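Reading through the structure tokens given below for one structure.
The structure displayed is predicted, hence computed values, not measured ones. Every chain is numbered from 1 and lettered A, B, ... according to where its sequence line falls, protein lines coming before strand lines.
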Amino acid sequence: MEHADVLVVGAGASGGVVTGALAEAGFDVVCLEQGHWPDRTDFPALRPTYELEARGGWGGNPTLRGRPEDYPVNETGSDIATLMYNGVGGSMVLYAADWPRLLPSDFRTRTLDAVGDDWPLTYRDLQPFYERTDRAFGVSGLAGDTSLPPGGEFPLPPLPIGDGALRMARAHDRLKWHWWPAPNAVLSRPYQGRNACAHYGSCMQGCPEGAKASTDVTHWPNAIKAGARLLTGARVARILTDSLGLAIGAEYVDAEGKWDIVKADVVIMAANSVGTARILLNSASPRFPNGLANSSGLVGRRLMVHPFANVTGYFDEPVDAGGHVGAKIVSYEFYETDPDRDFVRGAKWSLAPTGGPLNAALPSRAGNSVWGKEHHAHVRHHLGHSLSWCIFGEDLPDEDNRVQIDDSLTDSSGIPAPKVTYRVGENSRRLLDFNIERAEHSFAEAGAHRTAVESLMRFSGWHLLGTARMGEDPSTSVVDGWGRAHDVPNLYIADGSVFVTSGAVNPTSTIVSLALRNVEHLIENRREQRTPR
Amino acid sequence: MTDDKLRVWLGAVADDLIPAADGMPAATEVGVTGSQLDLVLAVRPDLARALNRAWVLAGEHLPGPALRLLADLDPRAHQAVLEIVAGAYYTSDLVKRLLGYTGQQPVPVRPEDYPAYLAEDLLDRVVDRGPVHRDPDSLSRRQ
């Protein structure tokens, strides 16, 4: 049986950051990760079957992917399917590496717009941590974006945006709409021993170059050098507690089916907003009958996933949108609340490429297929002639959108699996409809001869947020403003579960910045930390 | 899965979906039901079950009615047939060459190139228009 000062559950974005900080501060840390180290040589980018594999075993849905380290999710009651990657690096292994920050108003939606709740911190509290994590992960970008308050430079210059995005930037210039070169956690130059982006365009099926930031390349090697112990293939079933209600460790099962326990003085959950809620709910006991840290009843509730729409514009001329898959440029023109609209809050737009010939023939996002004699002309008109606005809408918290434990579904180890119930709200529908219409206008201004729309994409639930929200009041929140569970003083949550509201941006930058802020607070206050021994 | 009759039926369906036209070969001309099918099912074994169902449900029908029947009876099997045919076709080296598609090739990033958007002062005008975010402290936003 292992024993450690700190047990971290999950080796993804937040798990890598907190483990690294703790190990470098001298703590003895064990991390349990149900998946394994990604094998860069196994990534499909360099194989001729890349596009085909991207739709199968390299897709993001764990239920469809069905690897031994994945767990199934009952999503029959959900409008949006949850997406994730289980392994060292977590979902960063498959993300597009967009690296935006929440905007200042995202932390104050109750005060400003009378919806959601205010966070127990502000943008300015988090700004230094955003800048530090930009450097740790190696972010390429251009300072001065008017969607944010002034701040520091990015450690690397922005990635090239390509002729296609330049065309869209000129269109927004004529419309007097906001745009900016997107920040990406992708290296535009060699950095800290890692190679620069080679523009394989395969970010979402793993970066064979290691140029895309994920904690398996950015944090775990140093964490292990500093003494952290990472146990892969170790799936946590439940957090154990003592007679005083303190966490004492976790029970887990390894890849061979052998059960064991890691004991620790402090436990940090970093298993994403579905996985963390699942484990806490599965940790119910006579003392915690509704699940661990759940006296508020909010564990698993307020799940937010960002309703997502895709608008593709088609051009007569070739448009170069090659290279990295993440955003080329972004627009926050319609991000903030406007009282003249029939919804509150807004959306972030990211301009992205549209893939290769298989995607031109059989679009996985907006678009259509044409078969028969016209098939070839259709593919030629689409391949290399299209761009895509990816529209992320703010997802207002709703307690009925939630993660529960399914009555009968289990993973391959027999551990009860999660059930997700999620319905898209009316505000989200109006918000997306408005932004879709504006995105079509953007493409028209840029010279697109037509557009295709896919609103409320089902397989878009990458951004798992909110199932253990932060707050000062234990009756209306699960953790305090530093990620510590109100009910269990040596249990912390470091992942996106703690988000109070969703904002409308890709959340990884905020997740890791918040994790760094909170773990440094834990380290600074270690002498006051209650532990079981 | 390698049943010859299934391959013959799938070939007819594939050529109905992707016939020879506009200088491009028909699906079966690039081995969609031969080595390309084997390649597809090797990397996407998840499609094999659905293809089997498609064959059982519609294998007696001509391509057009077969596809309509599958769309009605088993949308997943229908989608799998489309994905297998298109996947096999567009992984063909000949097809990619004819399209001028080079796949995932390394292209060095050159961030030191002076971006056109700077040369055209596009960002200067974004900055001149002012912040697009609200500051909760002052509630300021450009009008």
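A tilted orientation is assigned to the rings of B/Tyr89 and A/His376, their planes being inclined by 30° to 60°. Ring pair B/Tyr117/A/Trp179 is perpendicular by interplanar angle, where above 60° counts as perpendicular and below 30° as parallel.
For A/Leu52, the parts sitting under 4.5 Å from any heavy atom of chain B are the backbone and the side chain alike. Heavy atoms of A/Ala377 lying under 4.5 Å from chain B belong to its backbone as well as its side chain.
Here the NE2 atom belonging to B/His133 is positioned 10.5 Å from the NE2 atom belonging to A/His178, to the nearest 0.5 angstrom. To the nearest 0.5 Å, atom CG of residue A/Leu103 and atom CZ of residue B/Arg134 are 10.0 Å apart. Between the CZ atom in A/Arg174 and the CG atom in B/Leu122 there is a gap of 10.0 Å [rounded to 0.5 Å]. Taking CZ from A/Arg380 and CG from B/Asp22, the interatomic distance works out to 7.5 Å, rounded to the nearest 0.5 Å. We find the CZ-CH2 distance between B/Arg44 and A/Trp58 to be 13.5 Å, quoted to the nearest 0.5 Å.
Put simply, of A/Pro181, A/Ala360, A/Gly384, the one with the most heavy-atom pairs under 4.5 Å next to chain B is A/Pro181.
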Item checked: Criterion salt bridge (Lys or Arg N to Asp or Glu O under 4.0 Å) on A/Arg65 and B/Asp46, from CA distance to verdict -> CA-CA 9 Å; A/Arg65 195 171 50 218; B/Asp46 57 300; over 6 Å; no
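Between A/Lys176 and B/Asp128 there is no salt bridge, since none of the side-chain N atoms of the basic residue sits less than 4.0 Å from a carboxylate O of the acidic one. A salt bridge links B/Asp135 and A/Arg124; the closest N-O separation between the charged side-chain nitrogens and carboxylate oxygens is under 4.0 Å.
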